[in-house]
Amino acid sequence: MATYELIVIAMLVSFILLIFTGFPVAWVLAGVSVVFSVFSVIASQYFDVDTYFLTDWRIFGVIVQRIYAQMSNWVLVALPMFIFMGLMLDRSGVAEKLMRNFVNLFGRFRGGLGVAVVLIGILLAASTGIVGASVVLLAMLSLPAMLEQKYSKSFACGIVASSGTLGILIPPSIMLIIMADQLSLAVGDLFMGALIPGVMLGLMYMVYVVVISMLVPSLSSPPKDLPPITTQMVIDTLKAVVPSLGLILAVLGSIFFGIATPTEAAGVGALGATLLAWMNGNLNAAVLKDVSMKTSLTTAFVFGIFLGATSFAVVLRSLGGDEFIGSLLHSIPLSPGGIVVVILLIAFIAGFFLDWLEISLILLPLVGPVVSALGFDLTWFVVLFALALQTSFLTPPVGFSLFYLKGVAPPEIRTVDIYKGVIPFILIQLTAVALVFWWEDLVLWLPAVRYGTG
């Protein structure tokens, strides 16, 4: 094994081990990159080294240039706007209206309240793209009602946690914006490619909730002696849905029909969410200040990891990390499709310990060129990768959706209830991964139609 390969392995292992110390990820990434840069430059002065050793202190100038290029990337301007949009929508009162009307309409059917939660999860996903806000909001709105209707605690927790994670896949997704930036893909293509798989996954959740509620009646028990469904009840539900659909159409429609770029559409979405809050009487100076502060903090957190990951990636590639990973994957005695499966498996396992952001910024740029060289469409692969990575929000022990849920769940819900509840939904997600893997048109059909190539 060449010396540079040993250094690359040491760098990756050091990062993984330091993650478990609880030290901030952004500092771990930046610190490891600095340490290995200094080590490589100093070692090159005293020993015969491989081609990929860093032998010049100018590597730090390269890191600064890459960071500047990252911070001046206009595509990433969409991030704070979409974050603002999601947080403002959370405060607008739209979700509360949806839940109240959906409970009245669907709560009378076995499993109906669970279906209503998934529907609201889909609407929130297509309106916000922020998992934490969606999970917390769904938990606060629906868990008390579901427990009151005698839903199994694990069943209710599984529905809420999985429905909240749809925001990471259904556009406008922050994760897709970052992935597009890492592989220099068009954000609009990824949005269009992820729409069908994202909605399909939500529908799979709903089918599961209905079927399992019918097969195992003890999981849910709808209230009795409810008044019959009236025309007014249906009208009220439609009125509650229209604002969210209007916001979705304004954001995604403007992108899909070529009216606006994703960055411009993000501004439209932020304005639309603010108008919805104003229309519902929930907009004031305190709300605007709070949403703006949280947007700034969240954006700073994301970009902090961006800067650390950029430094890490520059050093890793300079040490020959790209060639090492590429040769490692190409040496696997499998077909090109088998190699893609191995990559997805690595992403799935990494999701048990790392957040999606670190995986997207570190692993995706390394494996993307390999997948492209194997002849696969990168848009298809990125959506497939995102779908597999979505499980990182649900898989213990570092499933962030599980933490969000536990933080706002009623005291009678234990951590083990949450873990048991998400297992069926993780299996559904893996089934969706298999469907997208075998049926590429689930991703590629809509972009092809948009550009007249289908």
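The chain is numbered in sequence order, starting from 1. Computed from heavy atoms alone, side chains included, the values below leave out hydrogens, waters and symmetry copies.
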Between the main-chain N or O of Ala277 and the side-chain N or O of Arg91, is there a donor-acceptor pair closer than 3.5 Å?
-> no

Between Ser154 and Ser152, does any side-chain donor sit less than 3.5 Å from a side-chain acceptor?
-> yes

Compare all side-chain heavy atoms of Met88 with those of Val287 and state whether any distance is below 4.5 angstrom.
-> yes

Could you pull out the closest heavy-atom pair between Leu169 and Ala386, with the gap in Å?
-> CD1-CB, 4.1 Å

Considering only heavy atoms from C-beta outward, does the side chain of Pro171 approach that of Leu252 to under 4.5 Å?
-> yes

Kindly say whether Ala388 contributes a backbone atom to a donor-acceptor pair with the side chain of Thr391 at under 3.5 angstrom?
-> yes

Can you tell me how far CG of Asp181 sits from CD1 of Ile178, rounded to the nearest 0.5 angstrom?
-> 8.0 Å

Do you know the tightest heavy-atom contact between Ser360 and Gln182?
-> O-CG, 4.0 Å

Is any side-chain heavy atom of Val443 less than 4.5 Å from a side-chain heavy atom of Pro197?
-> yes

Quick one: are Leu195 and Phe256 in side-chain contact, heavy atoms under 4.5 Å?
-> yes

Less than 4.5 Å apart, any side-chain heavy atom of Leu166 and any of Tyr205?
-> yes

Ser372 side chain vs Pro369 backbone, donor-acceptor pair below 3.5 Å = no

Salt bridge Asp236-Lys97, side-chain N to carboxylate O under 4.0 Å | no

Side chains of Glu264 and Ile255 in contact at under 4.5 Å (non-hydrogen atoms) | no

Would you say the side chain of Trp380 lies within less than 4.5 Å of the side chain of Val436, judging by non-hydrogen atoms?
-> yes

Keeping the roles fixed (side chain from Tyr151, backbone from Ala145), state whether a donor-acceptor pair exists under 3.5 Å.
-> no

What distance separates Leu361 CG from Thr310 OG1, expressed to the nearest 0.5 Å?
-> 7.0 Å

Give a yes or no on whether the backbone of Leu307 and the side-chain of Ser311 come within a donor-acceptor separation of less than 3.5 Å.
-> yes

One should read off an interatomic distance between Leu89 CG and Leu123 CG, to the nearest 0.5 angstrom, of 10.0 Å

CE of Met140: more than 12 outside heavy atoms within 6.0 angstrom?
-> no

Side chain proximity check, Met206 to Ile122, heavy atoms < 4.5 angstrom = yes

From CG (Asn101) to NZ (Lys239), nearest 0.5 Å | 10.0 Å

Please test Leu18 against Phe23 for side chain to side chain contact (heavy atoms under 4.5 Å, CB included), starting from the C-alpha separation and ending with a verdict.
-> CA-CA 7 Å; Leu18 287 172; Phe23 209 70; over 6 Å; no

Of all the heavy-atom pairs spanning Met175 and Ile168, show the shortest one and how long it is.
-> CE-O, 3.5 Å

Counting only N and O atoms by type, is there a donor-acceptor contact under 3.5 Å from the side chain of Asn280 to the main-chain atoms of Asn282?
-> no

Working to the nearest 0.5 Å, report the span between OG of Ser401 and CZ of Phe425.
-> 12.5 Å

Minimal non-hydrogen separation, Met85 against Ala273, with atom names = O-CB, 3.5 Å

Just say parallel, tilted or perpendicular for the rings of Tyr208 and Phe155, cut-offs at 30° and 60°.
-> perpendicular

Is the side chain of Ser163 donor-acceptor paired with the backbone N or O of Val160 at a distance under 3.5 Å, no angle test?
-> no

Does Ser254 use its side chain to pair, donor to acceptor, with the backbone of Val251 at less than 3.5 Å?
-> yes

If you measure from CZ on Phe376 to CD1 on Ile339, what distance do you get to the nearest 0.5 Å?
-> 8.0 Å

Compare every heavy atom of Ser213 with every heavy atom of Gly111, then report the nearest pair and how far apart it is.
-> CA-OG, 3.4 Å

Heavy-atom nearest pair, Pro336 first then Leu374, reads O-CD1, 4.1 Å

Main-chain N/O of Thr165 paired with Gln390 side-chain donor or acceptor, under 3.5 Å = yes

More than 12 heavy atoms of other groups within 6.0 Å of Lys406 NZ = yes

Between Ser331 and Leu328, is there a donor-acceptor pair closer than 3.5 Å when you use the side chain of the first and the backbone of the second?
-> yes

